[in-house]
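Some notes on the structure that comes next.
Quick note: residue numbers are just sequence positions, from 1. Order of listing sets the numbers, starting from 1, for every ligand and every atom in it.
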Amino acid sequence: MLEGFNSSAATFAADVDQAFWIHIWISVGLFLSVIGPMIYFAWKYRADKVKNEDIGNLTHHTILEITWTVIPVILLMLFFYYGYSSMQVLRTMPAESESIVINMEGKKWSWSHTYPANKSGFVHKTAELYVPKDQNIILKMSAPVNDVIHSYYVPAFRMKEDVVPGRMTQQWFNSPVVGSYDVECAEYCGTRHSYMLSKINVMERAEYDEWFESSKRTPGAADVKISKGQEIYESNGCAGCHSIDTAATLVGPSLMGIGDKYDAAYLKDAILNPDKDVPAGFTAGVMPPFTMSDADVDEVIKYFNNTDKGKELYESNGCSGCHSIDTDSILVGPSLKGIGAKYDAAYLKNAILTPDKDVPEGFTAGIMPPFALPDADVAAIIKYMKSVK
Ligand code: CUA
């Protein structure tokens with residue numbers, strides 16, 4: 001929780017802290033130099049110690065007045081110098097060619113980060129930010145036009161910048177320390193303002209690169225569990241020929257969304273006897289028949305039907321900021337618990353794309369923005385909704 005309490009988490013944090021402490025100590029000095037003499041004189045010249053006839057009438061004291069003007073001017077210039085020079089470091093963007101430029105969107109009530117495409121054309125979109133250490137990162141930040149102002153605040157880095165609808169603001173940082181740092185919204189933006197939390201995860205370069213060039217939604221840290229089916233899929237080399245996260249054709253066809261298209265019996269047959277039904281444009285005899293136990297085949301099929309992607313999309317698009325999916329509690333919008341059993345896919349799709357068309361009783365139109373998501377993403381989210389009981 002106190003990660004970044006000292007000023008090493010970002011390269012410019014020490015400059016900001018220095019400006020802060022100079023302000024504090026000069027302020028303490030000024031406070032004591034005014035309040036100290038005031039208390040002393042109030043005590044020294046208290047009413048019963050002074051006779052009226054002893055009170056003189058001073059009109060001015062030139063040297064004293066020049067002193068108490070010149071010294072504060074010098075102190076104010078020090079304030080300006082340290083404030084301005086540390087602000088300049090924060091506001092001078094590094095060259096984009098030497099930086100990773102990430103688009104950040106802040107909306108009611110979540111953050112999402114969109115990365116540049118990696119070598120295989122995959123675009124990462126994440127709810128938390130993942131960056132390598134010792135690397136300049138530029139955040140290009142905006143909010144949807146109908147949204148409100150938010151502020152992207154990273155206490156450990158001493159950086160904060162408004163996120164304004166319809167305008168692009170920027171900030172940059174470079175963190176030399178691997179760790180996970182809190183991100184908060186620092187501009188009151190309505191009901192779920194205090195839940196607008198995220199993280200900046202600073203990683204080792206190699207770890208970052210491995211994730212970035214992969215199509216994994218979040219880096220394969222120890223706490224990200226790989227399902228048994230995925231393990232079998234990868235360890236059997238399926239991934240070498242079939243992309244499952246993208247529509248790209250590697251050697252064989254992409255298996256993205258395959259769970260929706262075929263039933264378990266067909267998929268099992270396709271693994272065990274691949275030459276029986278070869279898709280148009282591909283050649284028989286390329287994929288070897290796999291000998292796998294029934295249990296393993298079942299796991300792989302479960303993986304084809306997996307709902308991890310929908311869950312990631314549900315979170316990275318900020319749905320979870322307003323809709324609880326595993327409890328009955330009402331956050332901003334209604335709970336979506338059990339929604340998959342109540343409505344069909346067409347209705348759910350409509351509710352995501354054009355939410356104002358049918359607003360449940362007790363809720364107001366115009367709060368949920370329409371989400372312009374590709375069909376595959378909508379399908380994944382709906383599959384996830386249906387999977388949560
Ligand atoms: Cu967003 Cu407060």
For the atoms SG of C185 and O of E187, give the angle they form at atom 2 (Cu) of ligand 1, rounded to 10 degrees. 90°
Before we go on, tell me: are the rings of F157 and Y181 under 6.0 Å apart, centre to centre? yes
Any N/O/S of S151 under 2.8 Å from atom 1 (Cu) of ligand 1? no
For atom 1 (Cu) of ligand 1, does an N/O/S atom of H193 lie at less than 2.8 Å? no
Would I26 and L78 satisfy side-chain contact (heavy atoms from CB on, under 4.5 Å), going step by step from the backbone distance to the final call? CA-CA 9 Å; I26 289 179; L78 280 176; 4.0 Å; yes
Parallel, tilted or perpendicular: ring planes of F212 versus H124, cut at 30 and 60 degrees: tilted
Treating S198 as the side-chain partner and A127 as the backbone partner, does any N or O pair qualify as donor plus acceptor under 3.5 Å? yes
Can you list the steps and then say if S110 with Y195 is a side-chain contact (heavy atoms from CB on, under 4.5 Å)? CA-CA 8 Å; S110 63; Y195 291 87; over 6 Å; no
Looking at H150, which of its N, O or S atoms is the nearest one to atom 1 (Cu) of ligand 1? ND1
Working to 10°, measure the angle at atom 1 (Cu) of ligand 1 formed by atom SD of M196 and atom SG of C189. 110°
